[in-house]
Amino acid sequence: MQLPSVLLENAVNEFAKLPGIGKKTALRLVLHLLKQDTGNVQLFSETIAKMRQEIKFCQRCCNISDGDICAICANSFRHQKTICVVENIRDVIAIESTQQFNGTYHVLGGLISPLDGIGPDQLNIESLVNRIQKEETEEIIFALNPNIQGDTTIYYIQKKLQPLNCTATTIARGISFGGELEYADEMTLARSLANRLPVQQYVKG
Amino acid sequence: MPVLRFSNLHIIQFRNYQDQQFNFDKRIIGICGPNGTGKTNLLDALYYLCFTKSYFSRPDGLSMKEPAGGFRISGEAIAGEKKGELTCIVRENGRKEFSENNEPYKKFSAHIGKYPCVMIAPDDVQLITGGSEERRNFIDTIISQVNKDYLQDLIDYNKVLLQRNSFLKSASENQHFDEALLSTFDKQLAEKGQYIFSARVKFLDEYIPVVKEQYQLIAGKEEAIALKYDSQLLNAPFTELLIQNRSRDLYLQRTGAGIHKDDAEILLDQQPFKSVASQGQRKTLLFALKLAEYFFIKSHKGFSPLLLLDDVFEKLDAERMENLLTQVCVKEDGQVFITDTHQQRLALQLSNINADYQLITL
């Protein structure tokens, strides 16, 4: 793409680095900013810079936070001895919006996958183990993606936790709520059959 | 017994075909024509509709008539009671679409097994003379067609194997390794591997006797052939093997034990088949292996698969040839496609066994 200004081109290239944004969309965004008042654009860029500079990661659970400890961890009404282990911050948001979980989180920052160069050292696993040891956590709930890397990560952490007195559970896998059996894929259906629930528990739950 | 039968085929810009339509109204279809007229390509087009890919492991792009021109194969088939209109389109940009009755598939693997098909091509002798990977692939393809879990387990196994190998590599680069992570991979590998192992044992128990029987039928006489499953897991459970091999694995940076090393050993008169057998005997064994596959699929699916025979008249003596044709064309009720360069020879052979056939000349 031939652009009349180097300044414009630099801005377009920066926008194009964002996920899901190509050259053309980047150009559209930049031209939009060009039409705005200088003050507005100043505010825009300052907000972003400030966000990146001042945001903190909770020292306890690695969630994003404004202070040293995030709002969820600081909330004394939440059950502090239950930890839900998730892959990233988006998963925290997803689980929070169910309003069904009243414990704390631990954000791993990824899943173990040596192929992608991610080993346990790159993830917040050690801090999780230390935390469980220190806080005498009663239950840890794995809410990770149901794939091979997710399984590897669960098995690995569980192995690390063996000497500790902490129950490890994982979220249920099976037919989605409101779904229809005939549209469920065979593997999910087979797994749901293998791990079926007693009706008593189902009604209560 | 219901069968799988194709009634027509329409090929556009596929290999040497520009735009051609074929109707198949008989059960046995002979295809003849000189070299390079597209006999094998016609069979491969049918194979495409059954397996969503080429029989000859080559990328889709190479099957286009013109580079980056795209191609389309469509055909109508009846599998048992069910009628299916199958379409396979590879677009100019290389994207492949596959649909059954105008309904596109999200996952191509869902199609495999619905329209079972067995192809025999001259290059398949690799199966006997080549490395163990050929035989594993062959066995895996058959089992996956009747056992969906097997395919999934195999895919998962290979994923874990890749992760484990990549881990072993980085462990040797960093001069230290995480014992807990390695045993996590071992656990995952052993779980999937043990299941695949038992599925292979079960399959070969059923499959090997049929191969022997077919071999004798085509040969017309007793020849002492033996087939044996060869796996490290026969000697020790997978978990133990992984522990035994651990230091070696770390040194070599790859996994040395497991079902990815399995093989099927073939013997003739107690000696390795590939070193003592003649060309004709190899070909006979190849047919026996493939026909046993045919019967295995038939007994598990409840209907006869499609049989595609490419250039079968080569290398077999007249008697073995007739035994083979009688076996597949007269005793069985499935649809058969046979190619040959000589029209008269093909017509003569098929009339000899009193088959009701249709001849397509290219």
Should we count CD of B:E133 as having more than 12 external heavy atoms under 6.0 Å? no
Hydrogens and angles aside, do B:Q163 and A:T152 bring a side-chain donor and acceptor to less than 3.5 Å of each other? no
Shortest non-hydrogen separation from A:Y156 to B:T184 and the atoms involved: CA-OG1, 3.5 Å
Minimum heavy-atom separation for B:L181 and A:P120, please, with both atom names. CD2-CD, 3.4 Å
At a heavy-atom separation under 4.5 Å, does B:F185 approach chain A through its side chain, its backbone, both, or neither? side chain
Looking only at non-hydrogen atoms, find the nearest pair between B:K159 and A:I148 and report the distance. CD-CG1, 4.1 Å
Check this for me: B:F108, atom CZ, are more than 12 non-hydrogen atoms of other residues, nucleotides or ligands nearer than 6.0 Å? yes
The reported gap from CG in A:L115 to OG in B:S170 (rounded to nearest 0.5 angstrom) is 10.0 Å
For A:R191, does the CZ atom have more than 12 heavy-atom neighbours from other residues, nucleotides or ligands under 6.0 Å away? no
Can you establish whether the number of heavy atoms outside A:E126 located under 6.0 Å from its atom CD is more than 12? no
Nearest 0.5 Å please: distance from the CD atom of B:Q188 over to the CD atom of A:Q149. 9.0 Å
Around atom NZ of B:K301, are there more than 12 heavy atoms of other residues, nucleotides or ligands at under 6.0 Å? yes
Which bit of B:D178 comes within less than 4.5 Å of chain A, counting heavy atoms only: side chain, backbone, both or neither? side chain
How about CZ on A:R173, more than 12 heavy atoms from neighbouring residues, nucleotides or ligands closer than 6.0 Å, or not? yes
Counting only heavy atoms from other residues, nucleotides and ligands, does the tally under 6.0 Å from CG of A:N130 exceed 12? yes
Chain A contact via B:E191 - side chain, backbone, both or neither, heavy atoms under 4.5 Å: side chain
Where on A:D121 is there a heavy atom nearer than 4.5 Å to chain B: the side chain, the backbone, both, or neither? side chain
How close do A:K159 and B:A180 get, counting heavy atoms only, and between which atoms? CD-O, 3.7 Å
Can you establish whether the number of heavy atoms outside A:K24 located under 6.0 Å from its atom NZ is more than 12? no
